[in-house]
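These notes are about the structure you will find just below.
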Amino acid sequence: MRAKGLPLKFSLAIIVGLFIITCGLERLFASPSPADLTELGLEELMNISVYGASKYEQKLLDAPSSVTIINKNEIKKYGYRTLADILRSVRGFFVTNDRNYMYLGVRGFNRPGDLNTRFLLLVDGHRLNDGIYDQAYIGMDFPVDIDLIDRVEIIRGPGSSLYGSNAFFAVINVITRSGGEVKGLELSGNAGSFNTYKGRVSYGNKWEHGPELLVSGSYYNSDGPTLYFREFDNPNTHNGIARNCDYEQVYNAFSKLSFHDFTLTGVYHSREKGIPTGAYGTVFGDPRNRTIDGWAYVDLKYEHTFADTWQVLARLSYDHVPYDGYFVYNVDHATRPSTIISNRDVGRSDWWSAELQVSKQFFDRHKVTFGAEYRDYFRLDQQNFNVRPFESFLDDKREAKVLAYYLQDEFTILKNLRLNAGLRYDHYDTFGGSLNPRVALIYNPIKTGALKLIYGQAFRAPNVYERFYHDGGVTTKPSPDLRPEKIYTYEVVWEQYFAKHYRVVASGYYYQIRDLITQQLDPADGLIFFRNADQVEAKGVEFELGGKWANGFEGRISYALQEAKNTGTGGRLSNSPTHLPKLNVIIPLVRDKLFTGLEVLYQSPRKTLNNKNVGDAVIANLTMFSRNVIKGVELSGSIYNLFNQRYRDPGAAEHLDVGLVRIFQDGITFRVKLTYSY
Amino acid sequence: MLFLPSFFFRWRLGKFIVTLMAVWLFVFLQAALPASGQPVSPGQVKAAFIYNFAKFVEWPPGTFTDQRAAITLCILKDEPLAAAVMALQGKEVQGRKIVVKQGLSIEEMKRCQIFFASASQKPGLIEIMRVLRAYPILTVTDEVDDFAKLGVIINLTRQEDKVRFAICNDNAGTCGLKISSQLLKLAILASR
């Protein structure tokens, strides 16, 4: 069944060809820059590209963790479609797709059945892990349109000392573009394989002495491929063919209004996705099996600096997260043919949250930050029922309140030695408190380098889905006695800028996890449930070399070697690749006008839940991006999975349950995208 | 054992490594080859911006002693972009020559017409601006996010790989400078 990728010779030929084109075009089209720039007018100056370490990168050396930033420039030039595309290109991260949701992995962890609960996802500092499932959406279900992202900051390591629950392995902060930067109307449309279309309209502006505004709306629709599953290849289940089952439809609205120190953000998002895998024992090949995930939030932020030294941040927000699952089951009868029954799965979470953070600089040597956060989950409803005849299996209503305090000090001990220490206490009305410290010592032997020694703890509270969800004993049962899981981490990071163009990062870490909440299949009754089952140990090293040149070349090469083991059984974790080498390059073909972005990502074999294997994969994505050939027009064409690698991801318990061990991923696909701004 | 030598002979990984090495080699070669257009350093571009700003600013009457008096541009002692700014020495704008002076005291800087500082000068900048904001000086900073609060008039900033500038017209008004609408039209407008 596995189709081979392109022969090695062919891929080499492509690259050699690319190189020749690059050299040729660069010399043909590059316009010589004038010796004296003062001869240029302002508008011409504004069109000149400059390169070098950006202001964000310089701050990276000071961060008490290893941080990667992907900006909107890279998003365009690499042809990223989703947050998952961005994250999978980053050192040490990998993404699993079960064709319903995307799951993020790092440092050897990507537990099948986990809904990205061990990553904290933020949009402009607003928490985007929901109230019932703790789920962080990273695919097309991510509530903000990818074209509105200014940059994504990926902060590795535990962040509970600042952010509380979910900041277990990493914090991902998505920063949106500003209205002043969009400045005018922006229209964008793209089309891709499997009848995929997307359109977006955005408007941004910043008025003198006045407000700054960004409003945007987009619509996405994809028919999805027709899929073949060997596991369902029999006449009763459409011979394994799922047609019209992998569709996806997304509505998206975003608005951000800033006035003086206030920023008001409003987001509405809804995504409908077909489930083609027959997961949970649903009728295979029935397009009615689907989930609809939504998110709406309003966030009011106030930021002010008093008397040059007191910085205050206050935030008040309201989130509403609806989830609807539609599942179709076969019911067998003894005397007549089987009938079909419609099952509905519903989640509704609503919460208010408030946060206050105050920072002050003391005696030039201490920067102290104190904060308090309160979240009131006043509605956490889960339901599961059959539609006709109506039969309710689950009607669970919960509430939860979280109050937390945190304190952090950045202490400049010597000019080149700093201590960053933080502590946060979270109190849950359901199970009490969790105290999480982090201490980082940052030493700069030279101005352009930093050695960081980091110790940190983090926790994740079990969510109401894990504790109380069940569907009346059809496939799942509740697990009310779960306790928080906890991680203890030790990490050494070395970061260095050198020879003007290069940045090198090396890190080594050791993680210990106690009471990891794990989805399991109870052999006694065949039901899925959660348990504080595992004690896990992970260790690994990561290496990255990045470069950026004046003529527009940039790239990074990274490698992560990781080993995550269950200390109880001694076995390696499932869905945990040992090797993750990655290559990303942007090559300018015509200065400032035409670029090609190439990424080649490798993941080594992984174990599935039942100790089988999924093979390794080389995923190469190639994008040609042009801008300002016609003023205001950006045009790009992308080929994803260039080698047409037929690779698979391990399924979770709901797939294993129906005999589906591995889930096929897309082969080669295409996309063209056009953006016009004026 | 974490490293398995046989692993590296696997077909897919082999392909990955070869691709990777090939691409990386080419990138390094490319970077090493002299490009036809000279790379432009951010400092040069920023200095050219400062020069252009001077064209669009009107200082209050009495600022200059006579028709031909020079425009003095001040920078601090350890200004990282000093080399690029120094290149403006002797250039003419509004019929006046630019004179760049480095490392003056605050008292002496009160008599400058343009003052420029990068973000790395930030600690001292707060103090300096407390004095200079009252004088008719075109103050320009580089990558200082809260420039408007400090009393600075123009801040250079980078968006993607392009240089942009933000103007706080209130600060210009306070110290008696008039900024042409042509310049304001191209700027990101900021308020205090």
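Computed from heavy atoms alone, side chains included, the values below leave out hydrogens, waters and symmetry copies. Convention: sequence-line order gives letters A, B, ...; per-chain numbering from 1. Remember, it's a predicted structure, so these values are computed and weren't measured experimentally.
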Hey, does B:Leu189 have a side-chain heavy atom less than 4.5 Å from the side chain of A:Trp207? no
Atom pair NZ/CG of B:Lys55 and A:Leu42 - distance to nearest 0.5 Å: 7.0 Å
Is it the backbone or the side chain of B:Phe49 that comes under 4.5 Å from a heavy atom of chain A, or both, or neither? both
Quick check: are there more than 12 heavy atoms from other residues, nucleotides or ligands sitting under 6.0 Å from NZ of B:Lys110? yes
Would you say CZ of B:Phe56 has more than 12 non-hydrogen atoms from neighbouring residues, nucleotides or ligands within 6.0 angstrom? yes
Should B:Ile188 and A:Lys206 be marked as a side chain to side chain contact (heavy atoms under 4.5 Å, CB included) after you check the CA-CA gap, both sets of side-chain angles, and the distance that decides it? CA-CA 7 Å; B:Ile188 302 161; A:Lys206 184 175 185 343; 4.1 Å; yes
So, for B:Ala187 and A:Lys183, which heavy atoms are closest and what is the spacing to 0.1 Å? O-NZ, 3.2 Å
Proximal component of B:Ile50, with respect to chain A [non-hydrogen, under 4.5 Å]: neither
